[in-house]
Amino acid sequence: MNEAGNSIRNEETAGYDPASVELKWQQSWSERRTNETDVAQAPDPFYALMMFPYPSAEGLHVGNLFAFVGNDIYGRFQRLQGHNVFEPLGYDAFGIHSENYALKIGRHPMDLIPQNIANFRRQLERAGLMVDWSKTLSTTDPEYYKWTQWVFLQLLKQGLAYKKQAAVNWCPSCKTVLANEQVIGGACERCDTPVEQRFLSQWFFRISDYAQRLLTNLDKLDWSESTKTAQRNWIGRSEGAEISFPVKRNGEEMAIRVFTTRPDTVFGATYLVLAPEHPLVGSLTGALHKSAIEQYLARSAKQDVVTRKSNTDKTGVFTGSYATNPATGEEIPIWISDYVLMEYGTGAIMAVPGHDERDFEFATVFGLPIVRVVCAQGEEPSAPLTEAFTENERGIIVNSGKFDGMTVATAKREIVSMLERKGAGRAVVNYRLHDWCISRQRYWGPPIPIIYCDDCGAVPVSEKDLPVVLPHVEDFKPDDSGVSPLARHEDWYRVACPKCGKMGRRETDVSDTFLDSAWYFLRYPSVGIDEVPFDSALTQKWLPVNSYIGGNEHAVLHLLYSRFVTMVLHDMGILGFEEPFTRFRAHGLIIRNGAKMSKSRGNVVIPDQYIEKWGADAVRTYLMFLGPFEEGGDFRDASISGVKRFLDRLWASVMVASESEDANGTGDHDVMRKLHQTIRKVGDDIPRLSYNTAVAAMMEYMNALRRGERTPARAEVEPLVQLVAPFAPHIAEELWEKLGKEGSVFDAGWPAFDSALASDEKIELVVQVNGKTRGKLSVPRDITQDDAVAAAMKEQTLSKFVIGAPRKIVFVPGRLLNIVV
RNA sequence: GCUCGGGUGGCGAAACCGGUAGACGCGAGGGACUUAAAAUCCCUUGGGCCAAAGCCCAUGCGGGUUCGAUCCCCGCCCCGAGCACCA
């Protein structure tokens, strides 16, 4: 066997020079516009979208490339299946990343971004993606953000944009607003100064109005289950009740409303707690307690949002006031504590220390009464509680008057209807999802298109006056003036009110980057059209997106915001669908030496040197082979060689087949069977993104092709070139040409498999005795149970395990025989 | 703490519906070719026992269901990601 395989030797691979083959085809694709889609004509459209990158100065790294190649394979496969595939790619270039980087190296983002984009474009083209570059975009282009501002105005028109005071993280040393991710352990990431919260008037979108729809629609979407779960958790629906606790103070009557998911425990509510920001705090403050309360409020106001939420030690202060528990009629004290959050529910809670861990802890610290109102089955109702009893599945209500003995579920219903009759409560649903704050006190983003006028208030910029262009200013650096960078440019912000003409002032905040990315997929097909954000005929043809691939780090915000914006535009009659992405799959993460790639670790891999050394085809195929696409894996240099070897062998085999005189036969029967099995397998694997096993199947076929001393037939290699094409498009084009084919392999279609040929006529039947595998028999595919038993018993090696008469025979046709004795 | 992933050879992994555990690849060992090396090609490669035929053990740990469990159920341990006082 030493000489086996001699007919395919390395001499033939000498002709395979990835660099020249790849550049040749990249040039050809560009000249022949192979990757451009006629978006207006396209009879069978397929929109294969990938999340657009932030064009960093370091360039595209292998993590980006992994995602893009994964999408590219899917797109190329769809094209081979006969669809008109549209695979656009643009740049998400606004935002704090670019701004901070520009500040750090002392350059202007407007100069930096075009450079970064050019570098990305070079890298992306070199990787051989089937991107339609005639339809690219950048969120920083006024022609693009003009329409981002338009989206804002549509939301405003619908009453879905509003302004309110909200907390931001403020660094007293840098004198600037920080994003949550710039706050590390309660301190500014740059100077380590403790961060404070400040209240600023900011723009919000009413995404919480859409909470239920955003939740309900998830059931209809073909998305990664993990992504849907993340969205469900983020929306955080909880069913419960709102209960009113009356308060009498200085002859005045008021009520404190609380939200609870456990109305069944209302008899155990022994005190109330308000968030420090609760509006009733002032009117409930007793004279004796005033200074303590003021101290406490000042203390919690100073703490930044991140730290405050990570405090788990319970602190608080008594208001001096009491409320009446509507169930027991008892007077209970009202406290203030920062463990209650103003932004959830009503900003006030009824504390049930017996059945809530946090309340238990608080009651223990301040010596407040703890009452048991739920028992485990058979437990004594007077048994003391050493910790909160939160089990509610098997809980029985106690110490709650006529509700005693009910299950928790029943008591929830009954107590809520009792409170309803008294006018003291009602069943409500609450969501964790908060409204979306889109204001950023920064420079590098689209200005929010609003003009403030002393007489007319906040007036939207007229749509015909868009875009509000972000001015090129040198001092975009946040400084101690304490305002947004644009607020230092009077010549820019002073402008006439669109309504009354009086001198007004532009909004000087810019909008969140997530707004840029919440609608970009609508723009791609219409890139180049100036009059509208998206042409309605093109939008109807191409959207919703057929396949969207991206990282799970955007599982919540980006995908939720995109869905929200799409729903709003749908409700306005502008879009004919309310969900933007029919199918979404989250790809895995590429790590390096067991760790996440990051600049600080210094383990970011830029693909350029690998592409130079091995070729784009090898790097692409390697990335897809290193692990399951939806899980990712470790980028290891050593393993690329195996994929390169495969491509070399592919080259050699096809060259031999194409040059051989007598290679036009129908192919060897066994090889052809393996080929058709491979066609079936690769065609099954690609749609479920099982790229690693698809590559393995092609390698396996390559091994079969090379086995024995023979020259491969054209019929044995031609379909293989088509199978390889999505993964390694350049070598596929070149070999397709070498085989004498006209035109791009991507217009040649996907090979059909012959299912009769693909199935073996003989199978290996596994024979077990008592469930233990004892051997296998080569038998006809359709063998009957009786014949199989007879065949097995004939084999001494098998029958020796069958001691006595079989008690039971388990026969799985075509698979396995199990004899139980 | 909660939610979602995951734990399989020296390593990356496969096993799609409960039916041969380890496909495919890397690495390693041996061999062919070569003056030599690289490249290429061939063979071996989970662990143990044995001269061999063969047998036993093995999918994080402990139980269970089943003729049969990497896969399903119960109870743990560990790793990764996200959320985190959400009442």
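Here is how names work: the chains are called A, B, and so on, in the same order as the sequence lines, proteins then strands, and each is numbered from 1. Remember, it's a predicted structure, so these values are computed and weren't measured experimentally.
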It should be established whether N552(A) places a side-chain nitrogen or oxygen under 4.0 Å from OP1 or OP2 of nucleotide G82(B).
no
Is there a side-chain contact between D222(A) and R585(A) (heavy atoms, below 4.5 Å)?
yes
Looking only at heavy atoms, the pair that brings T773(A) and Q768(A) closest together is OG1-NE2, 3.4 Å
If the glycosidic angle is within 90 degrees of 0 it's syn, otherwise anti, so just tell me which one G46(B) is.
anti
Distance between C1' atoms of U8(B) and C61(B) (Å, rounded)
15 Å
Are R636(A) and G25(B) close enough that a side-chain N or O sits under 4.0 Å from OP1 or OP2?
no
Atom-pair distance (CG on L274(A); C1' on C85(B)), nearest Å
16 Å
Starting at atom NE2 of H434(A), determine the distance to atom P of A84(B), rounded to an integer number of angstrom.
10 Å
In short, R432(A) meets W234(A) closest at the heavy-atom pair CB-O, 3.8 Å
Report which part of the nucleic acid S238(A) touches: base, sugar-phosphate, or nothing (heavy-atom distance under 4.0 Å, all strands).
sugar-phosphate
Rounding to a whole Å, what distance do you find between E630(A):CD and C4(B):P?
18 Å
Just to confirm, is there a sub-4.0 Å distance from OP1 or OP2 of U40(B) to any side-chain nitrogen or oxygen of R645(A)?
yes
Cation-pi check, K314(A) to F366(A): give yes when NZ or CZ is under 6.0 Å from the six-membered ring centre and within 45° of the ring axis, no otherwise.
no
I'd like the C1' distance from C50(B) over to A14(B), given in whole Å.
31 Å
RNA chain B in dot-bracket, Watson-Crick or G-U pairs under 3.5 Å, [ ] crossing, | other strand?
(((((((..(((......[....)))((((((.......))))))((((....))))..(((((..]....))))))))))))....
Can you name the nearest heavy-atom pair linking P607(A) to L65(A), along with the distance?
CB-CD2, 3.8 Å
To the nearest Å, how far apart are K681(A) NZ and A23(B) C1'?
9 Å
Separation of R707(A) atom CZ from C42(B) atom P, in whole Å?
10 Å
Going by side chain to side chain donor-acceptor pair (under 3.5 Å), name the pairs with one or both residues in residues 624-638 of chain A, residues two or more places apart or in two chains.
R592(A)-D637(A), Y610(A)-D637(A), R636(A)-S639(A)
Within the structure, does a side-chain N or O atom of N703(A) lie under 4.0 Å from either OP1 or OP2 of A23(B)?
no
Check the chi torsion on C17(B) and let me know: syn if it falls within 90° of 0, anti if not.
syn
Whole angstrom is fine here: how far is it from CG in L626(A) over to C1' in G12(B)?
8 Å
Quick one, D219(A) with R232(A), criterion side chain to side chain contact (heavy atoms under 4.5 Å, CB included). Give me CA distance, side-chain angles, the key distance, then yes/no.
CA-CA 10 Å; D219(A) 296 337; R232(A) 285 190 189 104; 3.2 Å; yes
Determine the interatomic distance between C1' on C77(B) and the same-named atom on A28(B); round to the nearest Å.
33 Å
Would you say R432(A) places a side-chain N or O within less than 4.0 Å of OP1 or OP2 belonging to A87(B)?
no
Please give, in whole Å, the distance from C24(B) C1' to Y691(A) OH?
18 Å
Without hydrogens or angle criteria, can the side chains of N430(A) and S238(A) be said to hold a donor-acceptor pair below 3.5 Å?
no
Kindly determine whether K681(A) and D684(A) satisfy salt bridge (Lys or Arg N to Asp or Glu O under 4.0 Å), including the steps that lead there.
CA-CA 5 Å; K681(A) 170 111 179 103; D684(A) 284 348; over 6 Å; no
Mind checking if F801(A) touches a base, just sugar-phosphate, or nothing, with heavy atoms under 4.0 Å?
sugar-phosphate
Report all interatomic pairs (protein N or O, nucleotide N or O of nucleotides 18-22 of chain B) with separations under 3.5 Å.
residue, atom, partner, partner atom, Å
G19(B), O2', R815(A), NE, 3.3
G19(B), N2, Q768(A), OE1, 3.0
G19(B), N2, N818(A), ND2, 3.4

Contact under 4.0 Å: S226(A) side-chain N or O vs A81(B) OP1/OP2:
no
What's the shortest heavy-atom distance between R620(A) and P726(A), and which atoms?
NH2-O, 2.9 Å
Using only side-chain N and O atoms of R774(A), determine if any of them is under 4.0 Å from OP1 or OP2 of C56(B).
yes
Would K674(A) and D670(A) pass as an ion pair if we require N to O under 4.0 Å?
no
Whole-Å distance between C16(B) P and N692(A) CG?
13 Å
